[in-house]
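Order of the sequence lines sets the chain letters (A, B, ...), proteins ahead of strands, with each chain counted from 1.
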Amino acid sequence: MAKVLIVDDEAHIAQLIEQTLEDLEDEGVELLVARNGEEALVLIEREKPELVYLDIMMPKMNGFEVCRTVKREWQLEGITIVMLTAKGQEVDRKKGEEVGADRYMTKPFDPDALYQNALEVLGLE
Amino acid sequence: MADLQRLQRRFERERRARKSAEKIAEDKTRQLFETNRELSGLTADLERRRATLRETLSYLTTIIDNMADCLLVTDTEQRVKLVNRALLQVYGLEQEDVLGRKVDEVFPVAIQQLLAEGSAGSGRENVQFEIELPGQRVGMAMVDPIAAADEGDGQPLGFVTLIRDFTTAKEIDRMKTDFISNVSHELRTPLTSILGFTKIIKRKLLKNIFPTLSAELPPKLNKAVRQVEGNLDIIIAEGERLTKLINDVLDVAKMEAGKVEWHMAPLEVDELVTRVLAATAGLFAASPQVELVREVEPNLPRLIGDVDRLMQVLINLISNAVKFTDVGSVRVRVRREGEQAIFSVTDTGMGIAEEGLQSVFDKFKQVGDTLTDKPKGTGLGLPISKQIVEHHGGHIWVESRLGEGATFSFSLPLEASSEPASAVPPRIDTEHLMQHLSGRGPSEGIGRSVLVVDDEPHIREYLRQELEPAGYTVYEAANGLEAVSRAKELRPQLIILDVMMPTMNGFDAAAVLKNDPQTLNIPIMIHSIVEDRVRGCRIGIDRYLTKPSETDVLLSEVASLTSQGGARKHILVVERDRQTTRILTQSLEASGDAVVEVSTGADCVNRALALKPDMIVIDANVAGHQEIVQQIRAEEAMRNVALILLAEREPSAQPGEADGE
């Protein structure tokens with residue numbers, strides 16, 4: 001059972017992504033939501049999702065730290081991390097590379113593009 | 001009576017003498033007066049000059065002491081010669097504490113480091129360093145050498161250091177960065193929800209809800225359905241427009257704040273235009289009555305620039321052109337003018353009135369009456385394009401007349417020297433030598449095969465492209481090991497061998513080949529990159545193999561080596577390293593030529609004269625090889641000897657290769 005984790009402290013955005021991906025549930029994918037960095041790490045460790053949508057700007061622990069922990073410290077494999085940002089700064093891209101982010105999406109993103117991206121990563125058609 | 005006369009005469013004489021003495025006295029007195037007056041004049045002058053000097057000194061001191069920046073003047077031994085009040089204040093010191101003392105005795109170590117860095121880089125101007133200042137502050141410092149007014153020995157007399165408190169400026173800079181990123185986030189987040197949810201609503205309505213409605217709907221409901229769908233499209237379109245506006249505004253803000261990261265790299269103009277036209281294909285597809293015309297001058301040298309940003313400029317100009325043209329064409333043209341490339345986009349649209357031309361690159365200005373002409377777009381595209389072009393050192397301008405279309409053009413400087421990285425050797429007439437050394441016929445290559453060995457695929461490709469048209473069959477190998485096995489398998493007439501290769505380098509491969517009975521008779525040509533320092537040798541060198549080689553030269557070399565006819569050739573090898581010498585010797589001897597080896601440079605010129613070889617092979621590692629070449633060339637008898645230079649790539653090009661080659 002493939003799992004996708006959505007991490008965003010803004011309720012609307014988390015909901016938006018969930019709705020965008022809900023058709024995946026028909027393909028047997030489980031959608032999980034975390035509202036902050038700490039919750040995200042707990043869920044990642046327990047559930048080992050194949051795909052994680054990770055917002056960057058979050059209080060207390062931001063997306064970069066989560067990504068660094070998962071990719072560099074824990075060195076978990078088989079998890080694709082897509083960083084989401086509204087900042088649109090190139091320096092973020094570099095930072096993303098440093099912490100091991102796999103992909104990068106700037107808000108506002110196109111829901112269809114997000115969906116296609118998820119299908120691709122999960123290997124579903 | 002006679003006495004009286006004598007007395008009178010004497011009296012007269014004495015009178016005259018006295019007069020004369022008086023006159024002398026008078027003269028002397030007058031001279032004295034003159035001198036005195038001069039002296040007074042000089043003294044007064046001196047006083048005046050002293051006063052001026054004092055004034056000037058006091059003036060300069062006032063300036064120096066009132067300078068906001070800290071001033072430190074040091075001599076070549078890092079002793080403090082001059083300071084100003086600002087410096088003393090910042091460091092909490094008194095003048096008498098520091099004058100004449102060494103910098104490291106009285107100032108924090110940061111200053112000494114600054115001087116060390118600054119004096120090391122002297123020669124370069126206006127280099128700034130960041131330095132910590134006491135009290136948690138930050139400064140920007142400049143260190144400049146004091147040069148002697150006359151020639152001197154080029155050494156500075158000391159250094160002048162200026163330090164400016166940069167703390168506030170740095171803070172403001174950081175605030176700008178934060179502001180831009182915060183605004184960006186604040187604007188984009190709600191927009192993400194608006195656009196995102198609207199698209200989902202549309203999808204759900206069209207996929208899940210509308211289909212459930214019966215095929216035949218009462219007119220009112222029908223209308224409602226169509227409206228709902230239409231309204232959603234409007235929201236989405238406007239949301240996307242808002243997104244573009246935010247992006248543009250942030251772009252402008254970033255550029256003004258100097259916060260844009262530029263990724264400058266060499267790029268090909270042709271490729272740039274192709275990518276841009278691919279990106280704007282949709283615009284042309286949507287406006288079938290507007291034709292695209294592409295005119296890019298061939299063989300344009302490369303540019304240095306940020307490819308994404310330059311694409312942004314061209315795309316902006318082209319989309320404007322399409323936007324303002326109903327029927328006609330948009331011509332994209334690139335031509336070279338001197339050291340610049342001129343890009344222009346010409347449309348046959350409505351054109352721009354003269355009043356509008358001035359402000360076309362202003363922010364938020366859109367042509368037309370603000371009351372009647374609604375803006376189509378953000379009005380920021382051109383100002384952003386202007387910033388980008390100007391950052392690259394170019395200019396952007398427009399030519400237009402109302403009703404007659406418009407041409408937007410921009411210039412970009414071309415890459416300074418667009419010659420290939422390694423210089424191409426000059427063409428030198430070696431025909432005499434060629435005839436002497438080879439039995440070359442017009443179709444020299446027919447029936448002959450060459451094995452090209454180089455780890456770089458494009459070099460192998462290059463050699464293939466040069467040799468095949470002359471009729472040679474070209475085989476390839478990518479390293480020494482492969483070379484050996486293919487050589488055994490194919491038995492080519494010649495092996496062209498690169499020296500620096502992974503796994504097994506050229507010299508080792510040559511050794512192996514020469515020791516194997518199956519391959520020891522195959523001539524080997526060593527092929528390498530000529531370093532810059534070797535350029536000086538060029539005057540004396542007839543042929544040498546460089547990357548990329550010069551075709552004729554290469555072919556001649558190859559022809560001469562694959563021909564088996566002719567008397568034994570005498571070749572003089574000038575090489576320092578014994579092993580290299582041995583390998584070269586073996587390779588050359590295998591083709592039936594005699595070899596004499598020489599190690600040192602001094603010796604070789606004499607031996608050359610004695611031996612009169614047909615060919616001299618010099619390794620660039622030999623010290624003074626340039627002089628050797630020149631000496632040999634200067635000899636009349638040596639004029640027609642072929643000089644071959646054996647040189648390597650720079651060590652940094654091949655990490656891991658440490659053969660002492």
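Counting non-hydrogen atoms of other residues, nucleotides and ligands closer than 6.0 Å to CD of Glu30(A) gives a total above 12. Around NZ of Lys386(B), the count of heavy atoms belonging to other residues, nucleotides or ligands within 6.0 Å does not exceed 12. Environment of CZ in Arg35(A): crowded, with over 12 heavy atoms of neighbouring residues, nucleotides or ligands closer than 6.0 Å. Annotation for Phe179(B): atom CZ does not count as buried by contact number, only 12 or fewer foreign heavy atoms lying within 6.0 Å. Heavy atoms from other residues, nucleotides or ligands lying under 6.0 Å from CD of Gln136(B) number 12 at most.
Ile194(B) is not listed as a side-chain neighbour of His12(A), based on a closest heavy-atom distance of 4.5 Å or more.
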Candidate pair Arg203(B) and Asp112(A), rule side chain to side chain contact (heavy atoms under 4.5 Å, CB included), full reasoning: CA-CA 10 Å; Arg203(B) 198 196 330 148; Asp112(A) 289 327; 3.9 Å; yes

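The nearest pair of heavy atoms linking Arg188(B) to Lys107(A) is CD-O, 2.9 Å. Of all heavy-atom pairs between Thr192(B) and Leu16(A), the closest is O-CD2, 3.5 Å.
Looking at Asp8(A), neither its backbone nor its side chain comes within 4.5 Å of chain B, counting heavy atoms on both sides. Proximity to chain B (any heavy atom under 4.5 Å) is restricted, for Glu10(A), to the side chain, taken from C-beta onward. For Lys207(B), the part lying near chain A is the side chain, with the backbone staying farther off; criterion is any non-hydrogen pair under 4.5 Å.
To the nearest 0.5 angstrom, Ile13(A) atom CD1 is 6.0 Å from Thr189(B) atom OG1. Note that the CZ atom of Phe197(B) and the CD atom of Gln15(A) stand 4.5 Å from one another [nearest 0.5 Å].
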